[in-house]
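Down below is the structure, laid out as structure tokens.
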There are 2 protein chains.
Amino acid sequence: MSLRHALLGLLSERPASGYDLLKLFETSLANVWPATQSQIYTELTKLAGTGLIAVTAEGPRGRKEYALTDEGMAELRHWLTETRPQRAVRSDMMLRVFFLGVLSPEQARGYLAELVDLSDQACEDLRGLMDSIDWEDGNLSVYGRMVLEYGLRFNAMRREWAQWAADLID
Amino acid sequence: MSLRHALLGLLSERPASGYDLLKLFETSLANVWPATQSQIYTELTKLAGTGLIAVTAEGPRGRKEYALTDEGMAELRHWLTETRPQRAVRSDMMLRVFFLGVLSPEQARGYLAELVDLSDQACEDLRGLMDSIDWEDGNLSVYGRMVLEYGLRFNAMRREWAQWAADLID
DNA sequence: ACAAGCATGTAAAGAGTTACATGATTAA
DNA sequence: TTAATCATGTAACTCTTTACATGCTTGT
């Protein structure tokens, strides 16, 4: 259950409201663990119910600011150190490649060319993100940059692969 | 809904039973779109209900062999050509990197070192898979190889990245 | 005779998506 | 005043996981 831990992780940096967290998911976490508004608010309520986070302030428009509790921090550390990461990754994009044989070679090449463009676009978006973020703070700054670098390398790799694969069809 | 299309895709190669498809998911598709036994049997029943596949033979032990219908093939082609692939990918592994700041530098380095090993292991597994598969047939042979090559490149990339990131902590 | 593997199915719970629903505050 | 943004919550549905449940066939 990674969403729970993503929220705990973000709150380990600083207290935040559901809305703040939603914005963080839309930017930094979107490429790693997307979540919807509905999901975030529901999970925050559960998390507060089990005492892993707590409401520390209320603002205008019913804004509720949550902060990590000691139990929440313990759970975050437990997740990071005592549980193995899931290796399973689903990729709709790659699943499609498996079945390109039902299309004409031209169509298959077209799909792979699309993946080249898509990867270029993703790289560009990540570079834009890199410039737009203010990297003032400590932890998320260092490790957030690492994840961004991963995204760039990943997309570069996929681009090269898709190019290679498209050329292979000829 | 990619599971549906993964099943249609596999059946486009040749007729198969739920059990056959389960084995295919455990090997070739495991790294791209994992699915459980329960999910596969349930989806096959639904797919047969809507006429995208049909039972073409029955064997011992209640074995039911399914084959793609014309409507099924049309749906598969429609999915491949008329719908955009989902760019969203969830990675528990990378999510954790975001929050390594709550651990000590030694622990963080340890996690990244683990990712190096994990990527090496995955590469080795893929190479084993490559050797174990009999690449006799047409479509899945060509495109299956492509996906395998992607897996190798992906793990090599991740290995290099994790090594770089671990070194960065010092 | 027995184990391994073949073969299917369902129930319950958890996770994720889409849509609906509401209302306050701020800046132009 | 009005549009944009801030802000939260719930309902319904779909997808995924885990567990339960059953029984046949083949090879040793």
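A note on names: the letters A, B, ... follow the listed sequences, proteins ahead of strands, and every chain is numbered from 1.
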Could you walk me through whether A:Arg127 and A:Glu124 pass the salt bridge (charged side-chain N to carboxylate O under 4.0 Å, His left out) check? CA-CA 5 Å; A:Arg127 268 185 250 279; A:Glu124 217 179 285; over 6 Å; no
Provide, to the nearest angstrom, the distance between the [atom1] atom belonging to [X] and the [atom2] atom belonging to [N].
X	N	atom1	atom2	answer
B:Gln39	C:dG16	CD	P	14 Å
B:Glu58	D:dC24	CD	C1'	15 Å
A:Met1	D:dT17	CE	C1'	13 Å
A:Glu26	D:dA7	CD	P	13 Å
B:Leu22	C:dG9	CG	P	13 Å
A:Lys64	C:dG23	NZ	C1'	15 Å
B:Leu3	D:dT16	CG	P	6 Å
B:Gln37	D:dT16	CD	C1'	13 Å

Decide if atom CG of A:Asp167 counts as having more than 12 heavy atoms of other residues, nucleotides or ligands within a radius under 6.0 Å. yes
Is any side-chain nitrogen or oxygen of [X] closer than 4.0 Å to OP1 or OP2 of [N]?
X	N	value
A:Arg63	D:dA7	yes
A:Arg90	D:dT16	yes
A:Lys23	D:dA7	no
B:Tyr19	C:dC6	yes

Output the residues of residues 43-55 of chain A in contact with DNA chain C, where contact means a heavy atom of the residue under 4.0 Å from an atom of the strand; sort by number or write none. none
Any sub-3.5 Å donor-acceptor pair from A:Thr69's side-chain atoms to A:Leu52's backbone N or O? yes
Counting N and O atoms only, with roles assigned by atom type, does the side chain of B:Asp20 sit under 3.5 Å from a partner on the main chain of B:Ser17, one being a donor and the other an acceptor? yes
Flag this pair as yes if the NZ/CZ of A:Arg153 is under 6.0 angstrom from the six-membered ring centre of B:Trp164 and inside a 45 degree cone about the axis; otherwise no. yes
5'-most by nearest nucleotide on DNA chain D - A:Tyr41 or A:Ser38: A:Tyr41
Is the shortest heavy-atom distance from the side chain of A:Tyr66 to the side chain of A:Leu10 under 4.5 Å? no
Does B:Ser17 reach a base, just sugar-phosphate, or nothing at all? Heavy atoms under 4.0 Å. sugar-phosphate
Once rounded to the nearest 0.5 Å, what's the spacing between atom CD of A:Glu71 and atom CG of A:Leu47? 11.5 Å
Between C:dT25, C:dG9, C:dT18, which nucleotide has the shortest distance from any of its atoms to the side chain of A:Arg61? C:dT25
Mark yes or no for a side-chain to base donor-acceptor pair under 3.5 Å between B:Thr42 and C:dT10, with no hydrogen or angle criteria applied. no
